[in-house]
*Asks:* 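I'd like to ask some things about the structure below.
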Protein chains: 2
Amino acid sequence: MSTPTDISLQRRSTAEVVSDTLMRLIVEGELKAGAPLRESSLATRLGISRNSLREGIRLLEQSRLVKYEVHRGAVVSTPTLKDLDDLYRTRLMLETMAVQEIPSPEALEEVERTFEQLKESVESKEVEPIVNADLAFHHAIVGLLESERLSAFYEQISKEMIFYFTVLSYADEEYANPDEPILARHTEIVEAIRRGRRAEASELVTAHIMANFARLKEILQERLEESETT
Amino acid sequence: MSTPTDISLQRRSTAEVVSDTLMRLIVEGELKAGAPLRESSLATRLGISRNSLREGIRLLEQSRLVKYEVHRGAVVSTPTLKDLDDLYRTRLMLETMAVQEIPSPEALEEVERTFEQLKESVESKEVEPIVNADLAFHHAIVGLLESERLSAFYEQISKEMIFYFTVLSYADEEYANPDEPILARHTEIVEAIRRGRRAEASELVTAHIMANFARLKEILQERLEESETT
DNA sequence: AAAAGTAGGATCGTAGGACAACTCTTGTCA
DNA sequence: TGACAAGAGTTGTCCTACGATCCTACTTTT
């Protein structure tokens, strides 16, 4: 007999796989910002038909990582200050609301679990696991709101954040920086949530997010100025 | 010379038109909850190819109004209590956050404008314009957050609300009800926003949304019990 | 008669070819 | 230098085809 796992693995259409694959290629920087997604070459490269590729891109459209322009095809989005601002304001809103919620045991458990993972990955000192653990932790925070919609929404936000990290080479610079007290910051937040100090948690989260935002903004600004003179 | 309007009208791919059309058919109740979207017949009916139809459905997927099941095709979503709850919790969060924001003049202007429209439509006593004006007003509220992402997100939420209204025949029942003080409630909210009484505005919005939610939930519960005995 | 099995039709998932419409680039000409 | 035209490349859309899968109704088995 086949296990449920077998089934769910089978149950993915090419379009969905394509969407995930392209997303991975984008957030990993293989497909760079502004790059066009040429249908025939990508289809050939992935060994699928143009039809399926296009369906996949349509799925990807909702992620905001690519944008279709009629007769010009899909293009990987280009970071702007305005968009980064929007992204972080959205993030800020979701997370500050979340920590002010009275948490359910399961959601709280998930926060604890991801926090443990974060601690472990920080010890390993490898950048990628830290980034992923960090994102998972914040996802768990939003999970406190216990809304499928909002969690799914934040999932997209996360993808966009990784995209910005990659484009701006932010991760290596900040996460590998021993002066950046990632663990301390997150410990404070978890503590505040545990103790039900909601206002405090909210302020800590705000400070944390705004600090990241300020740094990213700075880097992006430099980048934009650079490319302007080019 | 062609005007910009000409261009933007041209500049819609079939898939986008299809997506909008299907969405309209769904929120208007032409395509009922649980109904399958048969590709060949729909494509013929809309005078387009199956390819384009499928692309359109992929675009629609993000709206949550339809769901693809592999080898079973797209199906119009079925309302559940759980989902209605999720929907309204999300709505509540966005709107209460929004009215606590310090509003920009433009965003505030939009709130006033949609409020005027609401007043006018209430006078006309026609249900559909009232519903639309109501939704537009709440969209303007979320606009106070001045985030493109959150506004787009709320746009989806709105569509889902209309869907629930239609499925539950909620609009005719509630909006046409002269005892339901739609205008009074909204006037209070606008007043509170105008005067910068943010906490009060937040409470008024909460009360308003929760009242709607309670009524919708009641109706849905009845419906589900009915269909269970069938 | 209920459960299990099976055959056939309908529908989906995907491929691949075709072609008009459009964009972009390049080279020509004023 | 700038306008314009030709050509190559790419997208938007349609069409046909066919295996895989689902669904229904009929047949066989217990």
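Please read these numbers as outputs of a predicted model, since none were measured by experiment. Just so we're on the same page: letters track the sequence lines, and every chain starts at 1. Side chains are part of it too, since the values below use all heavy atoms of this structure and drop only hydrogens, waters and symmetry mates.
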*Asks:* Going by the rule ring pair (Phe, Tyr, Trp, His ring centres under 6.0 Å), which residues pair with B/Tyr164 if we only count those two or more places apart in sequence or in a different chain?
*Replies:*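 Here no residue qualifies.
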*Asks:* Can you say whether the rings of A/Phe213 and A/Tyr88 are parallel (under 30°), tilted (30 to 60°) or perpendicular (over 60°)?
*Replies:* parallel
*Asks:* Please report, rounded to the nearest Å, how far the C1' atom of C/dA15 is from the CZ atom of A/Arg54.
*Replies:*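 Whole-Å distance recorded here is 15 Å.
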*Asks:* Grab the CG-C1' distance between B/Leu59 and D/dG12 for me, whole Å please.
*Replies:*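 From B/Leu59 CG to D/dG12 C1': 14 Å.
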*Asks:* A/Ser77: what forms a side-chain contact (heavy atoms from CB on, under 4.5 Å) with it, not counting sequence neighbours?
*Replies:*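 Counting only residues at least two positions away or on another chain, A/Ser77 forms no side-chain contact (heavy atoms from CB on, under 4.5 Å).
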*Asks:* Could you work out, with side-chain contact (heavy atoms from CB on, under 4.5 Å) as the rule, every residue matching B/Glu109, not counting sequence neighbours?
*Replies:* none
*Asks:* With a 3.5 Å cut-off and just heavy-atom distances, do the side chain of A/Asn51 and the base of C/dG16 make a donor-acceptor pair?
*Replies:* yes
*Asks:* With nearest nucleotides of DNA chain C determined for A/Ser52 and A/Arg72 from heavy-atom distances, which residue corresponds to the more 5′ nucleotide?
*Replies:*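 Looking at DNA chain C, the more 5' nearest nucleotide goes with A/Ser52.
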*Asks:* To the nearest angstrom, how far is A/His71 atom NE2 from D/dA8 atom P?
*Replies:* 20 Å
*Asks:* At under 4.0 Å, does any side-chain N or O of A/Arg50 touch on OP1 or OP2 of C/dA15?
*Replies:* no
*Asks:* Check side-chain contact (heavy atoms from CB on, under 4.5 Å) between B/Val127 and all other residues, then give those that pass, not counting sequence neighbours.
*Replies:*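 Scan of B/Val127 (side-chain contact (heavy atoms from CB on, under 4.5 Å), adjacent residues dropped) gives B/Val131, B/Ala171, B/Asp172, B/Tyr175, B/Ala176.
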*Asks:* With sequence neighbours excluded, tell me which residues meet salt bridge (Lys or Arg N to Asp or Glu O under 4.0 Å) with A/Glu146.
*Replies:* none
*Asks:* Rounded to whole angstroms, how far apart are CZ on B/Arg12 and P on C/dC22?
*Replies:* 17 Å
*Asks:* Short of 4.0 Å, heavy atom to strand atom, which residues of residues 31-49 of chain B count as contacting DNA chain C?
*Replies:* B/Leu37, B/Arg38, B/Glu39
*Asks:* Can you tell me which nucleotide in C/dC12, D/dG12, D/dC14 comes closest to the side chain of A/Val70?
*Replies:* D/dG12
*Asks:* Can you tell me the distance, in whole Å, between the OH atom of A/Tyr68 and the C1' atom of C/dC22?
*Replies:* 15 Å
*Asks:* Let me know the distance between CD of B/Glu69 and P of D/dC23, rounded to the nearest Å.
*Replies:* 9 Å
*Asks:* Any luck finding a side-chain donor-acceptor pair between A/Thr96 and A/Thr206 under 3.5 Å?
*Replies:*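 Result is no, nothing qualifies.
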*Asks:* Check the phosphate of D/dG12 against B/Ser13, side-chain N and O only, distance under 4.0 Å to OP1 or OP2. Yes or no?
*Replies:*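 No, no such contact exists.
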